[in-house]
Amino acid sequence: MEKIYITTAIPYVNGVPHVGHALDYLLADTCSRYQKMLGNDVRFQAGTDEHGNKIFQKAKELNVPVQEYVDENAKKFQDFIHLLGAEYTDFVRTTDKDHEKRVQEIWKKLSDHIYLAKYEGWYCTGCERYITDKEYEENHGVCPDHQKPYEKLAEENYYFRLADFKDKIREAISSHEILILPEFREKEILKLLDDSPDVSISRPKSQLTWGVPVPDDENQVMYVWMDALSNYITVLGYPDKDISDFWPAYAQFVGKDILRFHTILWPAMLMALGLPLPKTIVSHGMILVNGQKMSKSIGNVVDPLEVLDKHGTEAFRYYFLRHIDTFADSDFTWDKFEDAYNNELANDLGNLVQRLATMCKKNGFSLSDAPEIEISKEYQDLMNEFRFKDAFDFAWDKVQNINKKIDDKKPWVLAKENKEKELSEVLKELVTDITEVNKLLSPFLPETSDKIAKIFVNEIMPPETPLFPKK
RNA sequence: CGCGGGGUAGAGCAGCCUGGUAGCUCGUUUGGCUCAUAACCAAAAGGUCGUUGGUUCAAAUCCAACCCCCGCAACCA
């Protein structure tokens with residue numbers, strides 16, 4: 001039995017749960033359930049990123065205490081994860097006192113690689129942020145959102161000296177000590193690594209109050225990444241506890257937009273702490289709508305809660321794990337979702353369960369013990385390579401094969417001709433087949449898999465209502 | 001010449017690394033079956049594999065150039 005640690009990205013809680021978050025949770029959950037199926041001991045982290053100005057301001061706008069605001073939002077995300085049928089073991093919030101204390105200790109341990117420097121740049125008082133030189137030129141020195149000219153400002157920030165680790169990181173990535181998936185992202189990151197400057201990791205308190213104070217400097221507050229990335233180890237108890245049981249992580253799931261932080265700054269932090277690097281960073285794509293990025297301004301945002309409400313957890317998991325590519329950007333449309341539901345979940349699988357169970361019942365066939373199942377090598381290889389969509393396809397192919405086999409063996413003919421022995425052999429074979437497929441489906445569709453398992457053991461009874469009624 | 005991904009049937013994709021009859025799902029048409037959720041099974045139609053050139057007995061696949069789409073370019077799920 002191995003100890004497996006799986007992590008998800010912690011969403012920034014200034015908004016509601018998004019389909020993109022769902023994808024992250026589902027991939028991690030599928031991985032986790034598969035590992036548990038193999039008999040491994042799994043810890044599955046989830047959490048929320050709760051510091052920063054945006055959250056502070058949003059709470060002020062709503063006129064609620066900031067802590068109350070983040071409490072509410074953290075709850076929304078926890079509920080969301082449950083709705084997805086994902087089972088985490090640990091939930092970390094960056095406002096947890098333990099986390100805050102541990103991040104400060106981590107900061108101290110990193111101090112050899114941290115220095116204070118002056119940052120100077122163009123600043124918009126409306127946006128309350130610095131903008132890049134390029135942006136300055138494009139907007140001709142005036143903020144388009146606030147119609148105010150940018151101001152030249154200077155402030156002191158702490159920086160993390162990434163330069164100390166670049167060579168080692170390049171080596172770790174190239175040698176696959178830390179494996180980046182999909183493969184093509186590795187090139188992208190290696191190139192990016194070369195151009196990466198030291199990272200600004202604090203803000204003056206005058207600018208940012210809602211965050212973890214920098215130890216031994218009351219004028220500075222930690223800024224997002226140091227705080228957020230640490231969650232993966234603070235939740236395990238680092239540095240108060242020995243985390244070597246579960247660290248290094250078996251897999252860390254992230255969106256492609258934040259892959260760079262997880263493959264550049266994060267390994268650098270770990271190296272500085274003397275901790276081993278995560279084995280795999282899995283970067284998934286974005287979910288598009290008709291080929292376009294979802295955005296509030298275009299107004300094409302798909303609310304995952306609406307999808308869950310209309311079609312339920314299992315249909316949601318089915319679409320997002322099989323029709324959304326594990327690694328690349330893919331489309332969500334209601335048409336595609338509904339086609340997949342009706343043609344595949346209802347017709348292929350739901351109907352198969354119905355017809356086979358009915359057949360068994362009509363002919364008085366039952367199995368006292370669940371048949372022994374071996375998990376196919378091909379499926380395991382795909383799962384071990386995090387190719388969940390392909391593994392799901394592999395399982396689905398078997399679903400279709402059972403439908404073919406039924407047509408081929410024609411049990412109803414055997415029944416009419418009273419070939420009881422032959423009929424019972426055929427049914428036994430079919431029930432064994434469906435039990436096997438069901439096992440392969442269980443990391444993806446846990447609830448359905450449970451139901452099917454119950455139907456085909458002891459006295460076989462078709463479900464009273466179809467598993468997936470057509471819509 | 002910033003970096004990366006992609007262009008294969010009406011749609012969505014696989015195949016490319018390791019050249020050898022172009023494949024899968026959906027959709028369309030036709031046939032079969034009756035155990036099942038008007039489901040299931042089979043067959044057919046449908047492609048100059050972005051363009052041009054090169055290597056080769058042989059190129060979707062390897063090489064070169066070009067065209068087009070899409071991401072990223074440091075607070076974005």
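So that the names make sense, note that chain A is the first sequence line, chain B the second, and so on, each numbered from 1. Nothing here was measured: the structure is a model prediction, and the numbers come from that model.
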For the pair made of CG in A:N403 and P in B:U25, what is the distance, rounded to whole Å?
13 Å

Can you check the A:W412 CH2 to B:U34 P distance for me, whole Å?
7 Å

Heavy atoms under 4.0 Å, any strand shown: does A:K362 hit a base, just sugar-phosphate, or nothing?
sugar-phosphate

When you compare B:C75 with B:A22, how far apart are their P atoms, in angstrom units rounded to a whole number?
50 Å

Taking only heavy atoms on the protein side, list every residue of residues 11-20 of chain A lying under 4.0 Å from any atom of RNA chain B, sorted numerically.
A:H18, A:G20

Can you check whether A:H82 and A:Y88 have ring centres sitting under 6.0 Å from each other?
yes

NZ/NE/NH1/NH2 to OD/OE distance under 4.0 Å, A:R93 and A:D71:
yes

Regarding A:L288, tell me which of base, sugar-phosphate or nothing describes its non-hydrogen contacts under 4.0 Å with the strands shown.
nothing

Taking atom P in both B:C69 and B:C1, compute the distance separating them and give it to the nearest angstrom.
22 Å

Do A:D79 and A:K75 sit within salt-bridge range, that is, some charged N less than 4.0 Å from a carboxylate O?
yes

Can you tell me how far apart CZ (A:F332) and CG (A:L288) are? Round to the nearest 0.5 Å.
12.5 Å

Is it the case that the ring center of A:Y223 lies less than 6.0 angstrom away from the ring center of A:H51?
no

Would you mind reading off the distance between A:K419 atom NZ and B:C35 atom P, rounded to a whole angstrom?
17 Å

Scan A:G350 against the nucleic acid and name what it touches under 4.0 Å (heavy atoms): base, sugar-phosphate only, or nothing.
base

What is the separation between atom CG on A:N343 and atom P on B:A38, rounded to the nearest whole Å?
14 Å

Check: A:H21 ring centroid to A:F80 ring centroid under 6.0 Å:
no

Touch class at under 4.0 angstrom, heavy-atom based, for A:S196 against every strand present:
base

Neighbours of RNA chain B within residues 316-326 of chain A, by heavy-atom distance under 4.0 Å
none

What N/O pairs connect the protein and nucleotides 2-8 of chain B at under 3.5 Å? Give each pair on its own line.
from, atom 1, to, atom 2, distance (Å)
B:G4, O2', A:E188, OE1, 2.9
B:G5, OP1, A:K187, NZ, 3.1

Check the distance between B:C41's P and A:M359's CE and give it to me in whole angstrom.
13 Å

Are any side-chain N or O atoms of A:T8 and backbone N or O atoms of A:Q45, one a donor and one an acceptor, separated by less than 3.5 Å?
yes

When the C1' atoms of B:G5 and B:G47 are compared, how many Å lie between them, rounded to an integer?
24 Å

A:N347 vs B:C40: side-chain N/O to OP1/OP2 distance below 4.0 Å
yes

If you measure from the Lys or Arg side-chain nitrogens to the Asp or Glu carboxylate oxygens, is any gap between A:E306 and A:K310 under 4.0 Å?
yes

Determine, for A:R185 against A:E188, whether the closest basic-nitrogen to carboxylate-oxygen distance falls under 4.0 angstrom.
yes

Here the distance between atom C1' of B:A74 and atom CG of A:D198, to the nearest Å, is 13 Å

Send over the distance from A:I189 CD1 to B:A74 P, rounded to a whole Å.
14 Å

Cationic tip of A:K60 above A:F56 ring, under 6.0 Å, 45° of axis
yes

By the 4.0 Å heavy-atom rule, please label A:D397 as base, sugar-phosphate, or nothing.
nothing

Cation-pi geometry met for A:K471 and A:Y341 (6.0 Å, 45°):
yes

So, A:N343 side chain and A:D339 main chain: donor-acceptor pair closer than 3.5 Å or not?
yes

How would you label the contact of A:P466 with the nucleic acid (heavy atoms, under 4.0 Å): base, sugar-phosphate, or nothing?
base

In whole angstrom, what separates A:F80's CZ from B:A77's P?
14 Å

